[in-house]
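Let me begin by presenting the structure, written as structure tokens, before commenting on it.
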Amino acid sequence: MVFSQKLADQYRELRSGAADCLLLMQVGAFMQVMNEDARTVAKVTGLKLQMAGDVDAPVVLGGFPKSGLDAYVGKLVRAGHSVAIALQGESKDRRLAEVIRLNNPGKVN
């Protein structure tokens, strides 16, 4: 997994655009999650986590290949979570590409 303060700042900015969702952000050929989103995704899917950043302000990271996106989104939605997906463009800019919001987060009928 890749970590830089710039990526963390981008993640936080994109996250504010879909604050009620788990954010999956594309970084190259992988999808990455951070902090509380990473913990939640790990709890639902078994994703392995790692720590990055400064000792005084650690960041929790998780990631999976973009080819697994459908499977991870399916597991998260079935578990009752709304999901936002930020894709990376050719110039490496990222934007929210899709938001899947459940009407009643936390409860799947």
Side-chain angles (χ1 to χ4, degrees):
M1 271 172 284
V2 176
F3 177 78
S4 70
Q5 191 56 51
K6 181 179 175 183
L7 279 176
D9 292 345
Q10 239 180 0
Y11 191 90
R12 199 171 15 265
E13 181 182 326
L14 289 165
R15 181 89 175 69
S16 69
D20 58 329
C21 298
L22 298 172
L23 176 64
L24 308 177
M25 182 175 79
Q26 183 181 1
V27 180
F30 289 85
M31 301 303 293
Q32 200 160 299
V33 288
M34 295 184 188
N35 295 321
E36 288 307 312
D37 288 351
R39 288 184 177 98
T40 301
V41 171
K43 195 178 295 184
V44 172
T45 67
L47 184 70
K48 301 295 181 205
L49 301 178
Q50 66 183 37
M51 302 295 283
D54 295 331
V55 173
D56 296 331
V59 176
V60 180
L61 295 175
F64 56 89
K66 187 179 176 209
S67 60
L69 185 60
D70 289 344
Y72 277 87
V73 169
K75 287 178 183 181
L76 293 167
V77 169
R78 283 191 298 279
H81 298 284
S82 296
V83 178
I85 301 166
L87 297 179
Q88 181 176 321
E90 287 182 25
S91 62
K92 296 196 178 189
D93 61 317
R94 292 172 182 85
R95 61 177 172 68
L96 287 177
E98 188 170 352
V99 177
I100 302 165
R101 284 193 171 89
L102 301 180
N103 290 335
N104 190 4
K107 186 174 186 177
V108 177
N109 296 332

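Positions are given from 1 along the sequence.
- Side chains of Tyr11 and Asp37: a donor-acceptor N/O pair is present below 3.5 angstrom, by distance only.
- Hydrophobic clustering (side-chain heavy atoms under 4.5 Å, transitive across Ile, Leu, Val, Met, Phe, Trp, Tyr) keeps Leu14 apart from Val99.
- At least one side-chain heavy atom of Val83 sits less than 4.5 Å from a side-chain heavy atom of Val77.
- In this structure, the side chains of Met51 and Val60 come closer than 4.5 Å at one or more pairs of heavy atoms.
- By the criterion of side-chain heavy atoms lying less than 4.5 angstrom apart, applied directly or through intervening Ile, Leu, Val, Met, Phe, Trp or Tyr residues, Phe30 is not grouped with Leu96; the two fall into different hydrophobic clusters.
- The shortest distance between side-chain heavy atoms of Val41 and His81 does not fall below 4.5 Å.
- Between the Gln88 side chain and the Gly28 main chain, a donor and an acceptor come within less than 3.5 Å of each other.
- Nearest heavy-atom pair, Gly53 versus Phe3, reported as atom, atom and distance to 0.1 Å: CA-CE2, 3.6 Å.
- When all heavy atoms are compared, the tightest approach of Val44 to Ala79 is CG1-CB, 3.8 Å.
- Annotation: Glu13, atom CD; neighbour count of heavy atoms from other residues, nucleotides and ligands within 6.0 Å does not exceed 12.
- Taking 4.0 Å as the cut-off between side-chain N and carboxylate O, Lys6 and Asp9 do not count as a salt-bridged pair.
- Minimum interatomic distance between Ala84 and Ala18 (heavy atoms only, all atoms of both residues): CB-CB, 3.7 Å.
- Across every non-hydrogen atom of Leu61 and Gln32, the tightest pair is CD2-NE2, 3.7 Å.
- By the ring pair (Phe, Tyr, Trp, His ring centres under 6.0 Å) test, Tyr72 is found to be paired with Phe64, residues two or more places apart in sequence or in another chain being considered.
- In this structure, the side chain of Arg94 engages the main chain of Gln26 through a donor-acceptor pair within 3.5 Å.
- In plain terms, the two heavy atoms of Leu47 and Gly63 that are nearest each other are CD1-O, 3.1 Å.
- Side-chain contact between Leu76 and Ile100: absent, with no pair of heavy atoms (C-beta onward) separated by less than 4.5 Å.
- Shortest non-hydrogen contact noted between Leu23 and Arg15 is CD2-N, 3.7 Å.
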